[in-house]
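Report on the structure given below.
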Amino acid sequence: MAESNTTYKVLVLGDSNVGKTCLVHRYCDETYYDTYTATIGIDYKQKIITVDGARVKLQIWDTAGQERFRTLTTAYYRGAMGILLMYDVTRIESFNNLSHWMHDIKEYASPGVVIVLAGNKCDEVSQRTIAYDSGQKMAEYYDMPFFEVSCKRDINIGEAFLTLARLIRDNLSRQKESAPDKEQERFTLPLQLSLQSKEEESKCSC
């Protein structure tokens with residue numbers, strides 16, 4: 001596939017060991033390994049995809065979930081256009097910690113950043129501790145799309161990233177549409193202030 005001039009910066013967030021690195025490798029390299037070394041700080045991969053006929057380069061940042069690296073990862077929130085927020089359906093604490101991750105996103109990410117929620121290891125039926133409905137309700141509460149995914153079985157991973165890319169595209173389109181209004185305001189307000197100043201100056205000279 002040819003190179004794309006459009007780049008979307010995407011963060012993959014969530015607790016340690018929810019499968020962030022596994023998911024990124026499955027999506028970008030189409031590979032799966034049973035074990036991964038914990039990410040230290042930040043790593044990233046790129047993948048060019050087609051979004052409704054347009055080529056887009058996803059720059060996907062895989063962040064460490066460990067608390068001790070949290071201060072390092074906050075620097076990478078800025079400039080992120082989209083976030084894939086993950087939890088593990090077999091680990092209740094990773095689900096409960098979603099509220100903390102949402103707090104960090106609100107604190108450090110750019111206003112209007114789009115988010116998709118992903119519950120990993122949906123293939124682990126016997127180990128599941130979090131029902132699909134619980135994930136759906138969490139997503140509805142924060143007004144974001146929701147997918148249950150599986151890195152091992154390659155379930156819904158492409159769909160989750162494609163949905164995120166479409167949300168980013170739509171968000172950028174809305175920003176472009178509102179830009180002319182802001183430009184008009186930028187040029188109009190000084191003129192109005194200038195006219196007002198001249199009127200006041202005229203009153204003072206009388």
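- To the nearest 0.5 angstrom, T50 atom OG1 is 7.0 Å from R55 atom CZ.
- Side chains of R169 and L172 form no contact here, defined as non-hydrogen atoms less than 4.5 Å apart.
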| Working for side-chain contact (heavy atoms from CB on, under 4.5 Å), residues T6 and V51 | CA-CA 11 Å; T6 303; V51 182; over 6 Å; no
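- For the residue pair N17 and K121, the shortest heavy atom distance occurs at O-NZ, 3.9 Å.
- In this structure, the side chains of D62 and K45 stay at 4.5 Å or more apart for every pair of heavy atoms.
- Using bins of under 30°, 30° to 60° and over 60° for the plane-to-plane angle, the ring pair F95/Y87 lands in the perpendicular bin.
- Few gaps surround CG on D52; more than 12 heavy atoms of other groups in view lie less than 6.0 Å from it.
- Note that the NZ atom of K152 and the SG atom of C22 stand 9.5 Å from one another [nearest 0.5 Å].
- Using a 4.5 Å cut-off on side-chain heavy atoms (C-beta onward), F147 and V116 make contact.
- Taking CD of Q136 as the reference point, atom CZ of F146 lies at 6.5 Å (rounded to 0.5 Å).
- Taken from CZ in R26 to OG1 in T31, the straight-line distance is 7.5 Å, to the nearest 0.5 Å.
- Residues V113 and G82 come closest through the heavy atom pair CG2-N, 3.8 Å.
- Heavy atoms only, all atoms of each residue included: G112 and N171 are closest at O-ND2, 3.0 Å.
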| message | Applying side chain to side chain donor-acceptor pair (under 3.5 Å) to D88 and S94, what does each step give before you reach the verdict? | response | CA-CA 6 Å; D88 180 342; S94 70; 5.6 Å; no
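- Between the K20 side chain and the G14 main chain, a donor and an acceptor come within less than 3.5 Å of each other.
- At least one side-chain heavy atom of L13 sits less than 4.5 Å from a side-chain heavy atom of Y77.
- Residues L117 and L98 form a side-chain contact, since some pair of their non-hydrogen atoms from C-beta on lies under 4.5 Å apart.
- Counting all heavy atoms, side chain and backbone alike, N156 lies closest to E159 at CA-OE1, 3.1 Å.
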| Given the rule in the side-chain contact (heavy atoms from CB on, under 4.5 Å) test, do K106 and M102 qualify, once you have shown the distances and angles that lead to the verdict? | CA-CA 6 Å; K106 183 177 180 181; M102 289 301 297; over 6 Å; no
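- A cation-pi arrangement, defined by a distance under 6.0 Å to the six-membered ring centre and an angle within 45 degrees of its axis, is present between K47 and Y27.
- Contact detail for E93 and D15: the closest heavy-atom pair is O-OD2, 3.8 Å.
- The structure places CD of Q46 at 5.5 Å from CD of Q59, a figure rounded to the nearest 0.5 Å.
- The closest donor-acceptor contact from the side chain of T129 to the backbone of V89 lies under 3.5 Å.
- Side-chain contact between E148 and I155 is absent, with no heavy-atom pair separated by less than 4.5 Å.
- By the 4.5 Å heavy-atom criterion applied to side chains, Y142 and I115 are not counted as neighbours.
- What you find for A165 and I49 is that their closest heavy atoms are CB-CD1, 4.0 Å.
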| task | For F161 and L84, run side-chain contact (heavy atoms from CB on, under 4.5 Å): C-alpha distance rounded to whole Å, both residues' side-chain angles, the deciding distance at 0.1 Å, then the answer. | result | CA-CA 8 Å; F161 276 106; L84 190 71; 3.8 Å; yes
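- Between the CG atom of N120 and the CZ atom of R91 there is a distance of 10.5 Å, given to the nearest 0.5 Å.
- Exactly one residue among S150, C151, C28 makes a side chain to side chain contact (heavy atoms under 4.5 Å, CB included) with L23. That residue is C151.
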